[in-house]
2 protein chains.
Amino acid sequence: MAAKRSGAQSKRSQRIDVSLESGQEPRSESPLSLERIVATAVELLDAEGIDGLKMRRLADRLGSGAMSLYWHVDNKEEVFDLALDSVLEYRGPPQTVESQDWRGEVVHILEDWRASMLRHPWSASLLPRRALGPNILSRLELLSRILSRAGVADADLNVAIWSLWNYVMGATITRASFDLSDDDRVAAQQRLTRLSEHYPTIERSRLLLDNDWGGAFRKGLDFLLDGLAPRQ
Amino acid sequence: MAAKRSGAQSKRSQRIDVSLESGQEPRSESPLSLERIVATAVELLDAEGIDGLKMRRLADRLGSGAMSLYWHVDNKEEVFDLALDSVLEYRGPPQTVESQDWRGEVVHILEDWRASMLRHPWSASLLPRRALGPNILSRLELLSRILSRAGVADADLNVAIWSLWNYVMGATITRASFDLSDDDRVAAQQRLTRLSEHYPTIERSRLLLDNDWGGAFRKGLDFLLDGLAPRQ
DNA sequence: ACCTGAACACCGTTCAAGT
DNA sequence: ACCTGAACACCGTTCAAGT
């Protein structure tokens, strides 16, 4: 997968935007490029969701023939991989080089991660099914470094990382999919009240209606970090 | 979705296995039924994964014409919904009616949940994208009741439930997808070593090779429960 | 090097028809 | 009530060909 990707990149590496300097705006006649394909794929995914990404539609948006894409990309899978990783780039915090507040840093990374995925609701459920791209690996590396520096023993590091990963992924996938089912919301609501006799506790606490997702996310994260924090 | 399902069920409610008593084994000539369709769909999903479930293949396995399915089921989506919920039924613990050990009960429910999903690796990543079926709601209800009985305040209940849900879903989806990518394992391995210079901390802790998933799951869960436990 | 249209294989589903 | 084959619309991708 990485091999394919770097292959495709090498194909296009030598011609980079010679045309843009001549002042013409990027019309549908502008040349195809991996960047444009990926950016347009993200647009299309944002607009139409995961099932809305069809090679023909993508080509339409790019103003090219459907088959032109296949010169830049091996297959649809690769489009997914590239779109996903492009959305998960991490631009670090204000970066006070060597912060004391490791816990704040961790929370920032994870909340930013969640926010990035929620900005593109298709990304969360896609992530676990794909190979880990460079942007994701960078985040994991950064996280590991911070925790390690904060005093988490090497033997506990993997548990810590995976616990946090699991929590963030679960929270974000769930949240994103609740978002996506706008159309079924009426039906879901009706079913819930109809079923409430069987699920009294859930009904009483309004589990499925509670929408302080951000707050709940943060609280659970705090609990996890309490547990993961190095004993001192 | 619930409406469709109960509609389909009412259609077949009156004829239940009259033929089986006559001693003939269930051959491909045995009549179609929602139960058989769902059971066979689960088999097919287990064998071939999410992309392996095609209506024509499902019909083949059932020894029927492809279109016969559509009398029992509205569409492929419903097959997914039914297969998913059928796999998530919870048969409670040995059931010492009113246990003192709420924490043990919670751990049991969640580990069983995880195990059920891992037995059918396609189920985990499907779950968040589907409406919550009756078996899932039952688990959530049971969980709520236990936590509530254990002293978790109503105001904290939703945070508790969702934190646990998020953690279990994230852990299971991640685990299941690592399982599925057997074919890419070689490539992943190669890439990791090739990239290890960029991700030294990850590499050192062997993050992507650590496979004590069960242990890591349990530890993170303990941390969460420490935080969620009612102060006493 | 880059793009294209025609064509193929495949898939979910509609329909009109069978028993 | 239950099942079916033919047919349609749609989609990813191959191929042979253009410039």
Side-chain angles (χ1 to χ4, degrees), chain A residues 1 4 6-19 26-38 40-41 44-45 48-83 126, chain B residues 1 4 7-20 26-38 40-41 44-45 48-83 126:
Chain A
M1 213 162 285
K4 288 179 195 169
S6 57
Q9 279 174 339
S10 68
K11 284 186 212 163
R12 55 157 249 297
S13 56
Q14 57 269 38
R15 53 149 182 73
I16 297 189
D17 281 358
V18 198
S19 61
R27 303 191 38 187
S28 48
E29 286 84 12
S30 69
L32 240 35
S33 70
L34 241 204
E35 283 87 356
R36 280 193 69 225
I37 291 175
V38 172
T40 309
L44 189 53
L45 283 163
E48 316 265 1
I50 247 178
D51 294 329
L53 182 62
K54 324 261 163 98
M55 294 303 267
R56 289 173 221 247
R57 297 237 288 193
L58 181 53
D60 274 356
R61 279 211 179 210
L62 287 160
S64 79
M67 291 309 103
S68 313
L69 301 176
Y70 285 88
W71 192 86
H72 300 267
V73 144
D74 277 351
N75 48 37
K76 193 180 170 179
E77 301 276 288
E78 197 184 337
V79 178
F80 274 125
D81 285 338
L82 294 172
L126 209 55
Chain B
M1 214 161 285
K4 287 178 196 170
Q9 279 174 339
S10 68
K11 282 185 214 164
R12 56 158 251 293
S13 56
Q14 57 268 39
R15 53 153 183 74
I16 296 189
D17 281 358
V18 198
S19 62
L20 282 191
R27 304 190 38 191
S28 47
E29 286 82 12
S30 69
L32 238 37
S33 70
L34 242 204
E35 282 86 357
R36 282 191 68 226
I37 291 174
V38 173
T40 310
L44 189 52
L45 283 163
E48 315 265 2
I50 246 180
D51 293 331
L53 180 61
K54 322 261 163 102
M55 293 305 267
R56 289 172 221 248
R57 298 238 284 197
L58 182 51
D60 274 356
R61 279 210 178 211
L62 287 159
S64 77
M67 292 306 103
S68 313
L69 301 176
Y70 284 89
W71 193 86
H72 300 268
V73 143
D74 276 354
N75 48 38
K76 192 179 172 181
E77 300 275 289
E78 198 184 337
V79 178
F80 274 125
D81 285 337
L82 294 172
L126 209 54

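We use all heavy atoms of the structure for the numbers below, so side chains are in, but hydrogens, waters and symmetry mates are not. Letters A, B, ... are given to chains in the order of the sequence lines, protein chains preceding strands, and every chain is numbered from 1.
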In whole angstrom, what separates B:Leu69's CG from C:dT14's P?
-> 13 Å

Rounded off to whole Å, could you give me the CZ-to-P distance for the A:Arg36 and C:dC2 pair?
-> 14 Å

Testing D:dT4, D:dT13, C:dG12 for proximity to the side chain of A:Asn75, the answer is D:dT13

Rounded to whole Å, the CE-P distance (B:Met67 to C:dC15) equals 13 Å

Where the side chain of B:Arg56 is defined as all heavy atoms beyond and including C-beta, which of C:dA7, D:dT4, D:dA7 is the nearest nucleotide?
-> D:dA7

Which whole-number value in Å describes the distance from B:Asp60 CG to C:dC10 P?
-> 13 Å

What is the distance from CH2 of B:Trp71 to C1' of C:dC15, rounded to the nearest Å?
-> 18 Å

Minimum heavy-atom separation for A:Ala41 to A:Ala83, with atom names?
-> CB-CB, 4.5 Å

Taking every non-hydrogen atom, the tightest pair across A:Leu53 and A:Lys76 = O-NZ, 2.8 Å

From the candidates C:dC3, D:dT13, D:dC2, the one with an atom nearest any side-chain atom of A:Pro31 is C:dC3

Under a 3.5 Å cut-off for both distances, is C:dT19 Watson-Crick or wobble paired, and to whom?
-> D:dA1

For B:Leu58 and C:dC11, give me the distance from atom CG to atom C1', rounded to whole Å.
-> 14 Å

In terms of heavy-atom contacts, B:Asn75 and B:Met55 come closest through C-CE, 4.5 Å

With a non-hydrogen cut-off below 4.0 angstrom, is A:Met55 in contact with a base, only sugar-phosphate, or nothing?
-> sugar-phosphate

In whole Å, what is the span from the NZ atom of B:Lys76 to the P atom of C:dC11?
-> 9 Å

Between CD1 of A:Ile37 and C1' of C:dC2 the distance, given in whole Å, is 11 Å

Any side-chain heavy-atom pair from A:Leu69 and A:Val79 closer than 4.5 angstrom?
-> no

Give A:Leu53 one of three labels, base, sugar-phosphate or nothing, depending on what nucleic acid heavy atoms sit under 4.0 Å from its own.
-> sugar-phosphate

Paired with C:dC10 by Watson-Crick or G-U wobble geometry, both distances under 3.5 Å: which nucleotide is it?
-> none

Listed nucleotide nearest any side-chain atom of B:Leu32, set D:dT13, D:dT4, D:dC3 = D:dC3

Determine the minimum heavy-atom distance between B:Leu32 and B:Ser68, stating which atoms define it.
-> CD2-CB, 3.5 Å

N/O (side chain, A:His72) to phosphate O (OP1/OP2, C:dC3) under 4.0 Å = yes

